[in-house]
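Since the model is a prediction, treat every value here as computed from it, not as a measurement. Residue numbers start from 1 in every chain, and the chains themselves are labelled A, B, ... in the order their sequence lines are given, proteins ahead of strands.
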2 protein chains.
Amino acid sequence: MATVKDVARLAGVSTATVSRALANPEVVSPVTRRKVEKAAAEVGYSPNGLARSLRKSESKTIVVVLPNIDSTFFSDVVHGIEALAHKHGYKLLIGDAGNESSRLGSYFELFESKQVDGVLSLSSDVPESMIINSAGEIKLPIVIAGEYFSDIPVPTVHIDNHYSAKKGVEYLIMMGHYKIACITGKRSNPIYNARVNGHTETMKKWKIPVTEDRILECDLSYIAGYNLGKQLLSLDNKPSAIVCHSDEAAIGVLKIAREMNIPVPSELSVIGFDNLALSEYCVPELTTIHQPRQLIGETSMKLLLEILAGKKPNPEMTLPTQLIVRESACPPPVDQRLQVDL
Amino acid sequence: MATVKDVARLAGVSTATVSRALANPEVVSPVTRRKVEKAAAEVGYSPNGLARSLRKSESKTIVVVLPNIDSTFFSDVVHGIEALAHKHGYKLLIGDAGNESSRLGSYFELFESKQVDGVLSLSSDVPESMIINSAGEIKLPIVIAGEYFSDIPVPTVHIDNHYSAKKGVEYLIMMGHYKIACITGKRSNPIYNARVNGHTETMKKWKIPVTEDRILECDLSYIAGYNLGKQLLSLDNKPSAIVCHSDEAAIGVLKIAREMNIPVPSELSVIGFDNLALSEYCVPELTTIHQPRQLIGETSMKLLLEILAGKKPNPEMTLPTQLIVRESACPPPVDQRLQVDL
DNA sequence: CTGAAAGCGCTTACAG
DNA sequence: CTGAAAGCGCTTACAG
């Protein structure tokens with residue numbers, strides 16, 4: 001591999017000049033620049049990024065940590081991040097945590113080892129020790145896309161999970177449902193905890209008793225939705241509606257309902273969460289909560305860019321969601337309808 | 001940030017000894033080791049990966065290049081790669097090319113700039129100039145997961161696209177179909193070119209005329225399948241079967257068929273490709289060609305590991321596919337059936 | 001506008 | 001078992 005030295009020798013200048021001619025052409029005389037460019041091309045010079053980063057103490061790289069690479073949810077978020085990152089000369093490194101918060105660690109360490117300038121975590125499930133040092137300060141440039149509660153204000157961009165879950169449940173209650181079950185994620189994750197709280201508080205507000213065995217936790221995959229859906233629909237007093245905290249899980253429910261010959265939505269309403277592309281392609285099309293995924297990505301990156309520029313960014317951004325009404329939810333059968341006085 | 005120097009000072013030894021004690025504890029006396037470990041912990045030392053990589057001329061990082069991050073196809077492949085990579089101490093960097101072969105370039109350059117030790121391309125659409133130098137040799141450690149044709153044997157792991165496409169078409173022909181359309185990817189991509197060849201050659205083998213306007217190229221997304229499906233199903237002499245070269249496109253076709261009140265499979269058979277998780281969750285469940293995604297990932301990584309170890313690996317690995325029969329394909333209506341003499 | 005020199009933080013022959 | 005010294009390839013005050 002050719003180095004600055006080779007170029008310098010061939011061009012008959014110093015390595016300092018080579019470096020300048022290539023990085024700041026305007027500070028070098030036109031003829032020198034020409035000579036250097038020619039020499040560089042001739043030897044096929046390509047700068048060593050490691051050496052540059054080491055010397056400049058910046059890598060112009062950030063790592064985006066995904067909770068898992070399986071969900072198509074993250075691809076739009078990554079698109080949003082990419083757009084902004086590239087515009088500002090940052091490279092993206094994507095790390096997959098495979099749903100294990102232990103594996104997050106190796107990606108966070110990339111900052112300590114100076115291989116990245118900052119971290120964008122799309123996982124909310126981050127142990128505080130990875131972010132905060134013994135003095136109680138944030139120890140690296142980081143933005144978390146998701147809910148995060150801490151004494152220290154970690155910059156965060158998220159939707160209002162509590163309110164979004166509430167909107168979904170209210171939509172069902174307004175249509176007369178009261179036997180409403182819920183398939184959610186691990187409640188150790190603040191995102192799902194907030195949604196479940198939104199769910200139960202709304203139920204209570206309408207004087208609908210909440211039965212804990214109708215709120216089921218899982219990894220929100222297709223198969224989990226299918227299995228938990230089966231469990232719910234096998235209950236003696238089975239629900240007239242199931243709200244799922246992912247579209248995938250909702251599609252799993254759709255499948256088991258079909259197999260059990262329970263027509264959706266006439267006998268079972270199903271609501272998803274995320275509004276993934278595929279929610280328009282299932283049968284029936286899914287009523288769901290839209291998350292502004294691209295915007296989440298852009299906003300997170302914007303915040304991180306501000307941090308990297310030494311500014312104190314807004315510590316928290318809440319982005320809007322939207323109930324998308326399609327075909328999978330409707331009023332329940334008359335005998336299962338709640339009479340509400342509005 | 002603490003450096004070896006800080007640790008050395010505190011432990012009362014040289015930086016060389018610090019480096020040894022941390023990297024090769026066994027070559028250092030137990031007491032020194034203890035001292036160094038204590039000092040390192042005390043100052044919160046974390047080695048600078050950049051400096052180490054620069055010095056050792058290896059980064060223990062490889063980049064996995066995805067054609068686009070949107071398709072869930074790649075997540076299992078990445079899982080396969082990850083498993084093996086981590087076991088061998090390699091970190092994974094994931095680059096998204098966003099379906100533009102120009103963007104591949106920036107990821108390939110990570111090798112020249114020494115930030116990665118090798119490249120694993122999940123995109124087949126790689127300009128030869130990115131791989132081969134002016135002397136006609138492969139200029140970086142690379143494995144391509146996909147079809148790749150070149151005078152130079154670039155290590156490749158792939159399925160037999162020609163044969164797999166053939167199997168799908170033959171399945172339809174055996175059931176009596178002859179009006180078989182095809183929704184495929186860009187034929188500039190060797191993968192899809194091979195599949196189309198498999199498709200048309202099989203048709204010809206059975207003396208079924210191939211009409212070019214029934215072979216449509218697109219990006220194989222849901223919406224592309226939907227739109228091209230509409231185009232095909234609006235034809236005067238519309239097909240009795242559509243084979244799609246992705247499951248997403250097939251699901252798009254399923255949707256437009258539903259909207260046009262064309263029952264699948266009784267009046268229209270649809271076959272997908274990939275056997276993604278969601279192909280079991282659509283209606284009707286999709287008959288499709290299974291690709292061993294995890295195995296593709298593992299095998300590619302295995303090859304790359306061999307290259308990185310200085311061995312000459314098998315230049316080409318072909319992995320098996322499988323026709324997965326579900327509900328979306330059946331014999332065509334009697335009046336559209338081909339009589340074949342077996 | 002240009003060059004000599006220092007230094008980013010590490011590792012590794014080499015010598016003892 | 002340990003240390004002094006060189007060097008990976010770059011960039012940047014500093015001096016001219």
Side-chain angles (χ1 to χ4, degrees), chain A residues 1-40 43-61 89 91 109-117, chain B residues 1-40 43-61 89 91 109-117:
Chain A
M1 281 283 96
T3 71
V4 264
K5 245 177 177 163
D6 302 312
V7 180
R9 194 178 308 127
L10 189 60
V13 299
S14 72
T15 59
T17 298
V18 171
S19 179
R20 287 189 200 104
L22 265 20
N24 299 77
E26 68 280 6
V27 309
V28 149
S29 83
V31 297
T32 331
R33 188 197 317 172
R34 217 70 50 75
K35 275 194 298 187
V36 172
E37 280 163 356
K38 191 162 160 295
V43 299
Y45 173 68
S46 165
N48 181 315
L50 255 23
R52 171 181 291 166
S53 297
L54 177 60
R55 176 57 226 249
K56 302 185 73 161
S57 310
E58 66 166 16
S59 59
K60 282 289 181 182
T61 303
K91 284 190 288 280
E109 280 167 15
L110 291 173
F111 174 73
E112 292 199 347
S113 71
K114 295 295 161 203
Q115 290 163 284
V116 304
D117 294 343
Chain B
M1 281 282 99
T3 71
V4 265
K5 245 179 180 163
D6 302 312
V7 179
R9 194 178 309 127
L10 189 61
V13 298
S14 73
T15 59
T17 299
V18 172
S19 178
R20 287 189 200 104
L22 266 19
N24 299 78
E26 68 282 3
V27 308
V28 149
S29 84
V31 296
T32 334
R33 188 198 315 172
R34 217 71 49 73
K35 276 194 297 186
V36 171
E37 280 164 356
K38 191 162 160 294
V43 300
Y45 173 68
S46 166
N48 182 315
L50 254 24
R52 171 181 290 165
S53 297
L54 177 60
R55 177 57 227 247
K56 302 185 75 163
S57 310
E58 67 169 13
S59 59
K60 283 288 181 183
T61 303
K91 285 191 287 282
E109 280 167 14
L110 291 173
F111 174 75
E112 292 199 345
S113 70
K114 294 296 159 202
Q115 289 164 283
V116 303
D117 294 343

Legend entry - Separation of B:K60 NZ from B:S53 OG (nearest 0.5 Å): 10.5 Å

Legend entry - Which nucleotide in D:dG9, D:dG3, D:dT2 has an atom nearest any side-chain atom of A:V4: D:dG9

Legend entry - Shortest non-hydrogen separation from A:T61 to B:Q115 and the atoms involved: OG1-NE2, 4.5 Å

Inset, instruction - Find out whether A:L54 and A:L50 are in side-chain contact, i.e. whether some heavy atom of one side chain is under 4.5 Å from a heavy atom of the other. - result: no

Legend entry - Between D:dT12 and D:dG16 - C1' atom distance, rounded Å: 16 Å

Inset, instruction - Return the value, rounded to whole Å, for the distance between atom CG of A:N24 and atom P of D:dA13. - result: 11 Å

Legend entry - Between D:dG9 (C1') and A:D6 (CG): distance, integer Å: 11 Å

Inset, instruction - Evaluate the side-chain proximity of B:T32 to B:R20: yes if any heavy-atom separation is below 4.5 Å, no if none is. - result: no

Legend entry - Spatial distance of atom OG (A:S46) from atom NZ (B:K114) [nearest 0.5 Å]: 9.0 Å

Inset, instruction - Rounded to whole angstrom, note down the P distance from C:dC10 over to C:dC14. - result: 24 Å

Legend entry - Phosphate-side-chain proximity, B:S14 and D:dA4, N/O vs OP1/OP2 below 4.0 Å: no

Legend entry - Any A:S19 side-chain N or O less than 4.0 Å from OP1/OP2 of D:dT11: yes

Legend entry - Pairwise side-chain contact, B:V36 with B:V13, heavy-atom cut-off 4.5 Å (strictly under): yes

Inset, instruction - Can you see which heavy atom on A:A2 is nearest to which on A:V43, and at what distance? - result: CB-O, 3.6 Å

Legend entry - Distance test, side-chain N/O of A:T3 to OP1/OP2 of D:dC8, below 4.0 Å: no

Inset, instruction - Can you see which heavy atom on A:L22 is nearest to which on A:Y45, and at what distance? - result: CD2-CE2, 3.6 Å

Legend entry - A:M1 CE to D:dC10 C1', straight-line distance once rounded to whole Å: 16 Å

Inset, instruction - Grab the NZ-P distance between B:K5 and C:dC8 for me, whole Å please. - result: 6 Å

Inset, instruction - Take atom P in C:dT11 and the same atom in C:dA15, then report the distance between them in whole Å. - result: 22 Å

Inset, instruction - Quick one: the dot-bracket string of DNA chain C, using Watson-Crick and G-U wobble pairs with both distances under 3.5 Å, [ ] for crossing pairs and | for bases paired to another strand. - result: |||.||||||||.|||

Legend entry - Rounded interatomic separation in angstrom, taking CZ from B:R33 and C1' from D:dC1: 12 Å

Legend entry - A:K35 NZ to C:dC1 P, straight-line distance once rounded to whole Å: 14 Å

Inset, instruction - Round to a whole Å and report the spacing from NZ of A:K114 to C1' of C:dG7. - result: 17 Å

Legend entry - Phosphate OP1/OP2 of D:dC1: any B:T32 side-chain N/O under 4.0 Å: no

Legend entry - Of residues 47-60 of chain B, the positions that come close to DNA chain D - non-hydrogen atoms, cut-off under 4.0 Å: B:L54, B:R55

Inset, instruction - Would you mind reporting whether B:N48 and B:M1 have side-chain heavy atoms less than 4.5 Å apart? - result: no

Legend entry - Residue B:S29, side-chain atoms from C-beta onward, closest of C:dT2, D:dC10, D:dT2: D:dT2

Legend entry - Donor-acceptor pair, side chain of A:T15 and main chain of A:A8, under 3.5 angstrom: no

Legend entry - Rounded distance (Å) that lies between atom C1' of C:dA4 and atom CZ of A:R9: 17 Å

